Amino acid sequence: MSQDESQPILQASLHDLRYFTTLLRGVHFPNIGVQRAVIKVTEKGLVVIVEEARSLLGTSYIFADVFNEWNYHPDISSNDQEQENEEQTPLQEQFHTIAFEIPLSTLIECLNIFGTAGGFGSTKSANKVRLRRTGEDSDDNNDDDANRSTGRSSRSTGRTLEHFFGGSDRTTSMRMTYIGPGYPLTLIIAEDSAGPTTTCEISTSDSEEHLDLPFDNDQMVLRIILKSSWLRDALSELDPSCEKITFIGNPPVVPDSNATAKQKMKARLEGKPIFRLEATGTFGSTEMDYPDDKEVLESFECVQPVRFSYRLALIARAARALQSSIKTSLRIDNEGLLSLQFLMPSPTSRHNARADNATSNFIEYRCLAIDED
Amino acid sequence: MRFRTLVDNIPTFFRVIQSIEKLQKRCYIKFTETNMQIICNHDSNEGGIQVWSQIKVSSLFSDYRIQSTANNEIIMRVSPEALVSALRSAAPNVTGSGGTGGNVGSIETDEVIMKLAKKNDQAVLSFEIKGFSGSGRRVRLTQDVRVDVEKIEALKLNEPMCPEPDIRDIVSPPLVKLRTIVDRMKGMADFLTFRANHSGHMKLEISSDMVRVETEWKSLSAPNMNNLASQDQDQETEKDPDKFFSVVVSIRSFLKFLSSHVISSTTIACICQNHCLILYVYIGDVADAGGVLTYYVPAIIEDD
């Protein structure tokens with residue numbers, strides 16, 4: 001068979017690449033050089049998987065409806081030897097998965113080539129350029145203006161969507177193509193039709209076996225759902241020099257129905273905290289208790305007293321995803337495996353351009369507990 | 001040897017010096033009766049990038065007086081960094097690159113005099129800054145920048161010799177935008193390929209084992225295509241307008257050139273294939289330029 005004649009396995013496009021970049025940044029660990037990620041492609045979307053130190057697994061689920069255009073054509077008819085194994089597994093029949101490995105840091109840098117990918121923690125210079133750009137936009141007397149209006153008319157669909165988005169910023173669009181194994185992931189990025197176009201070819205490699213940390217809900221001992229900001233504020237209080245962070249959970253005390261309000265208060269103060277974060281470092285230790293209050297912990301399930309410690313440096317990797325998320329689901333199983341699921345804001349919630357059946361994108365981190373003997 | 005002038009256009013002077021600040025520790029400044037010439041030609045600066053500039057006296061200075069035994073020319077070696085900080089106190093409101101915004105609460109400048117003086121047996125370029133403090137009081141501030149006055153003949157300064165450019169005079173996109181893009185590329189490769197053709201296309205490309213990134217601009221103007229001398233034009237028309245010419249340069253050198261984005265004016269690029277990239281950064285409008293900074297970025301010759 002010849003690859004060139006067949007359709008590319010994946011072809012997707014975006015009018016505004018910012019949201020997509022945010023979902024990728026959630027699993028990107030800056031300052032560690034080139035970070036590799038496994039990308040799995042299915043009919044439903046992309047799954048981006050990263051790992052660190054064989055004990056932290058980060059996964060970003062990016063559903064197909066994030067993209068304005070999503071064409072996935074798995075090469076099922078292929079007799080490729082590499083793919084044979086996959087096809088024979090019955091599980092693969094329903095959703096044919098293609099996986100490859102890429103340098104994630106490079107992908108993100110490429111998306112931000114014009115300094116327009118936005119998001120948290122973009123470099124200082126990028127922010128500055130963004131400021132300058134908005135400044136340019138406000139004084140509409142430069143000759144660039146003529147070009148821009150032509151750009152607007154020729155890409156009317158993109159522009160109308162952008163009006164829904166409500167931002168005065170010009171958006172950067174992107175088209176992504178993956179022909180198949182052995183081919184690079186190609187991105188074509190354009191700021192507007194009058195401006196420059198950037199073509200990026202990021203080399204891909206076969207995905208190697210990555211860390212797998214299955215979470216068994218039957219073994220779950222602690223489950224908390226809370227607003228991300230409550231967790232974010234707590235984690236940001238911790239001194240980064242701390243080695244480890246301990247999650248402590250206790251089953252809530254069922255208040256005596258006959259007790260007075262005062263007694264209830266007293267019982268609450270004396271009782272064990274239902275959820276506590278503890279970190280010890282060179283300069284002291286920090287303890288933070290969450291109150292047994294639906295306002296704070298939307299849901300709290302704890303079957304037995306739980307106490308597990310994790311390396312803070314690993315937990316801190318989740319900070320960026322936590323930052324951009326709305327809600328967090330925190331689970332711990334009886335072996336101490338921690339699962340943090342961050343619900344990302346939906347790209348459509350604010351602008352309801354495509355409100356129907358949008359799936360929520362989320363980022364999950366799983367982390368093994370430190371063995372404490 | 002006498003040299004004294006009023007500095008009228010502090011912001012431009014500041015930005016010009018700022019854009020060469022990162023290039024090398026010491027540069028030459030030559031003052032003649034009509035021009036100020038800044039020369040950065042040090043071999044030791046990384047990548048061998050050179051800057052030769054001509055700035056009209058009238059675009060920066062007034063009441064300009066110069067006398068010397070060497071044809072009324074004075075050349076001095078100076079640290080651009082020191083010059084930038086001296087000028088910054090004279091121009092608190094200049095917003096430059098790198099977040100060096102104005103110092104809040106500094107003086108409002110009334111008059112700036114630059115002169116060559118001798119203090120404690122050391123030649124200095126002395127800036128006398130007169131102005132008003134925030135509370136309206138008169139302030140006088142003097143900033144001395146140490147300089148070494150040199151003998152012109154002894155220096156043997158020669159502008160780089162370049163062959164006839166293969167691509168001449170393509171108008172570069174705004175340098176601020178280029179800088180954002182090249183900043184991203186910097187992390188991915190060490191060398192940058194700069195390509196252009198005669199029909200206004202320009203491409204910047206990097207490639208490594210991991211990634212190939214190419215940014216392309218179309219329909220950039222190339223002014224000289226129209227107003228070249230006629231014999232040149234005949235030659236031009238014979239050339240294929242779509243043929244690309246390229247030069248490979250060090251990304252870090254190219255970024256040093258891009259710090260001239262603070263001048264934010266027209267920039268024109270020329271390619272001498274396998275030799276160098278020449279960039280003219282105009283001060284003010286091209287037609288009525290108050291001066292031009294010429295950057296020579298040497299080609300990296302890849303050995304295959």
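The sequence lines fix the lettering, A, B, ..., with proteins before strands; numbering per chain opens at 1. Atom set for the values below is all heavy atoms of this structure, side chains included, hydrogens, waters and symmetry mates excluded. Everything numeric in this text was worked out from a predicted model, so none of it was measured.
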Between the side chain of B:Arg184 and the main-chain N/O of A:Asn112, is any donor-acceptor distance below 3.5 Å? yes
Greater than 12 external heavy atoms within 6.0 Å of A:Glu201's CD: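 Above 12, so yes.
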Considering residues, nucleotides and ligands other than B:Lys22, do more than 12 of their heavy atoms fall under 6.0 Å from its NZ? no
Just verifying a value: how many Å separate [X] [atom1] and [Y] [atom2], rounded to the nearest 0.5 Å?
{"X": "A:Ile113", "Y": "B:Thr215", "atom1": "CD1", "atom2": "OG1", "answer": "4.5 Å"}
{"X": "A:Ile188", "Y": "B:Glu216", "atom1": "CD1", "atom2": "CD", "answer": "11.0 Å"}
{"X": "B:Thr180", "Y": "A:Phe114", "atom1": "OG1", "atom2": "CZ", "answer": "10.0 Å"}

Using a heavy-atom distance cut-off of less than 4.5 Å, which residues of residues 205-213 of chain B contact chain A? B:Asp209, B:Met210, B:Val211, B:Arg212, B:Val213
Could you point out which residue of A:Ser105, A:Cys110, A:Pro103 forms a side chain to side chain contact (heavy atoms under 4.5 Å, CB included) with B:Met188?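 Passing option: A:Cys110.
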If the condition is salt bridge (charged side-chain N to carboxylate O under 4.0 Å, His left out), which residues does A:Glu69 pass it with, not counting sequence neighbours? A:Arg175
Set of ring pair (Phe, Tyr, Trp, His ring centres under 6.0 Å) partners for B:Tyr280, sequence neighbours left out: none
Sequence-distant partners of A:Phe29, ring pair (Phe, Tyr, Trp, His ring centres under 6.0 Å), two or more places apart: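 Once residues adjacent in sequence are excluded, A:Phe29 has no partner under the ring pair (Phe, Tyr, Trp, His ring centres under 6.0 Å) criterion.
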Would you mind telling me which of A:Thr186, A:Ile202, A:Thr199 has the largest number of heavy-atom pairs within less than 4.5 Å of chain B? A:Thr199
